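The structure under discussion appears below in the form of structure tokens.
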Amino acid sequence: MAFDIKNTLHAVETYVQNLGLFSSVQIGEPKQALSQGFHAAIFMQSVSIGMVYLGGQTRESHVVQLRVYRDMLAEYTDSQNSLEAELASVVSKLMENLLGDTDLESNIMTIDAGGMDGTSMSATYGYIEVGGQMYRVVDVSIPLIVNGSATLVGTGV
């Protein structure tokens with residue numbers, strides 16, 4: 001099966017859920033307003049084959065986007081902090097944990113932190129409306145190198 005994307009999404013979902021940083025973690029973007037706390041949504045950004053080995057096995061690049069949500073108007077857990085400080089703390093912990101366990105305890109070969117296959121790990125901040133409520137968001141691009149996700153047949157390799 002080429003591009004076993006579902007396993008990649010579930011590996012990231014399970015790993016992020018086990019970190020305990022978020023009130024909810026889901027595959028796909030939320031369609032309605034979220035409860036208080038930090039939330040994470042996981043979806044694919046891109047998929048490509050970087051290499052085909054003898055026998056047809058592949059080395060793939062799966063870039064997963066993890067979007068962190070926080071209600072823009074929510075009260076802060078620490079009155080000394082701001083929304084930006086709390087987001088920075090959660091995103092820092094998330095990225096630190098991801099880079100500390102680069103196979104995500106799954107069939108993922110590694111996180112391509114420096115972008116050897118084209119995309120480096122990064123975080124981009126913005127705003128988005130969900131269900132009539134405004135959220136401060138951080139999109140974390142997680143480039144993953146996945147070995148053996150596919151076997152190509154008839155490639156002449």
Side-chain angles (χ1 to χ4, degrees), residues 1-53 57-72 74 77 81 83-131 134-152:
M1 171 196 296
F3 299 116
D4 196 355
I5 297 167
K6 187 175 179 181
N7 279 345
T8 299
L9 288 169
H10 284 294
V12 174
E13 177 188 35
T14 300
Y15 186 81
V16 172
Q17 281 175 334
N18 290 338
L19 292 177
L21 296 172
F22 303 101
S23 299
S24 69
V25 178
Q26 68 182 54
I27 294 175
E29 295 187 71
K31 307 296 186 244
Q32 56 190 346
L34 301 161
S35 63
Q36 294 297 313
F38 291 94
H39 300 272
I42 299 161
F43 43 96
M44 291 305 293
Q45 185 172 321
S46 67
V47 179
S48 62
I49 294 176
M51 186 179 300
V52 179
Y53 300 109
Q57 290 285 321
T58 61
R59 171 181 149 162
E60 300 173 21
S61 174
H62 294 191
V63 182
V64 174
Q65 185 156 327
L66 188 147
R67 179 169 286 159
V68 177
Y69 296 80
R70 177 77 162 124
D71 181 351
M72 205 177 91
T77 54
N81 277 337
L83 175 60
E84 291 302 306
E86 288 190 353
L87 267 173
S89 178
V90 167
V91 170
S92 293
K93 288 176 189 171
L94 170 68
M95 292 176 85
E96 179 181 336
N97 277 286
L98 287 168
L99 293 173
D101 187 353
T102 57
D103 67 356
L104 305 184
E105 300 172 4
S106 71
N107 64 340
I108 292 167
M109 181 180 156
T110 191
I111 293 177
D112 189 8
M116 292 183 307
D117 280 359
T119 301
S120 60
M121 187 176 221
S122 64
T124 305
Y125 289 68
Y127 296 89
I128 193 166
E129 185 179 318
V130 178
M134 188 61 76
Y135 291 86
R136 184 72 164 130
V137 296
V138 182
D139 289 334
V140 180
S141 291
I142 308 169
L144 305 166
I145 296 175
V146 181
N147 263 343
S149 168
T151 300
L152 303 179

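It should be emphasised that the depicted structure is a prediction, and the values quoted were computed from it without experimental measurement.
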Notebook entry, point to check: So R70 and Q36, side-chain contact (heavy atoms from CB on, under 4.5 Å) or not? Walk me through it.
Noted result: CA-CA 8 Å; R70 177 77 162 124; Q36 294 297 313; 4.1 Å; yes

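- Taken from CG in D71 to CG in L83, the straight-line distance is 8.5 Å, to the nearest 0.5 Å.
- Residues passing the side-chain contact (heavy atoms from CB on, under 4.5 Å) test with L99 are I111, A113, M121, sequence neighbours excluded.
- Side-chain contact between L87 and R136 is present, with heavy atoms from C-beta onward closer than 4.5 Å.
- Going from atom CG of D101 over to atom CD1 of I108 covers 10.0 Å, rounded to the nearest 0.5 Å.
- Taking CG of L19 as the reference point, atom CD of Q17 lies at 10.0 Å (rounded to 0.5 Å).
- Under a 3.5 Å cut-off, the side chain of Y15 and the backbone N or O of N97 do form a donor-acceptor pair.
- In terms of heavy atoms, L21 sits closest to V90 at CD1-O, 4.0 Å.
- For M109, the side-chain contact (heavy atoms from CB on, under 4.5 Å) partners two or more places apart in sequence, or in a different chain, are I145, N147.
- Annotation: side-chain hydrogen bond (donor to acceptor under 3.5 Å, both in side chains) contacts involving residues 18-32, sequence neighbours excluded, comprise S24-H39, E29-R67.
- Side-chain contact check for V138 versus V140: some heavy-atom pair is nearer than 4.5 Å.
- Residue pairs that meet the salt bridge (Lys or Arg N to Asp or Glu O under 4.0 Å) test with at least one member in residues 9-19, sequence neighbours left out, do not exist here.
- By the side-chain hydrogen bond (donor to acceptor under 3.5 Å, both in side chains) test, Q45 pairs with S141, sequence neighbours left out.
- Applying side chain to side chain contact (heavy atoms under 4.5 Å, CB included) to F38 and the options V25, V68, L94 leaves one that passes, V68.
- I42 CD1 to L9 CG: the interatomic distance, rounded to the nearest 0.5 Å, is 7.5 Å.
- Counting only residues at least two apart or on different chains, no salt bridge (Lys or Arg N to Asp or Glu O under 4.0 Å) pair has a member in residues 89-100.
- Looking only at distances, no side-chain donor or acceptor of S89 sits under 3.5 Å from a matching main-chain atom of A85.
- Annotation: the span from T58 atom OG1 to I49 atom CD1 amounts to 5.5 Å, rounded to 0.5 Å.
- Atom OG of residue S46 and atom CD of residue E60 lie 11.5 Å apart, to the nearest 0.5 angstrom.
- Checked against side-chain hydrogen bond (donor to acceptor under 3.5 Å, both in side chains), N7 has the following partners two or more places apart in sequence or in another chain: D4.
- Residues V47 and V63 have side chains not in contact (no heavy-atom distance under 4.5 Å, counting atoms from C-beta outward).
- Looking at heavy atoms from C-beta onward, F43 lies out of side-chain contact with V64 at the 4.5 angstrom threshold.
- Using a 4.5 Å cut-off on side-chain heavy atoms (C-beta onward), Q65 and M44 make no contact.
- Across all non-hydrogen atoms, the minimal contact from E129 to M134 is N-SD, 4.0 Å.
- Across every non-hydrogen atom of P30 and V130, the tightest pair is O-CG1, 3.8 Å.
- Listed by first and then second residue, the side-chain hydrogen bond (donor to acceptor under 3.5 Å, both in side chains) pairs that reach into residues 110-128 are R59-D117, sequence neighbours excluded.
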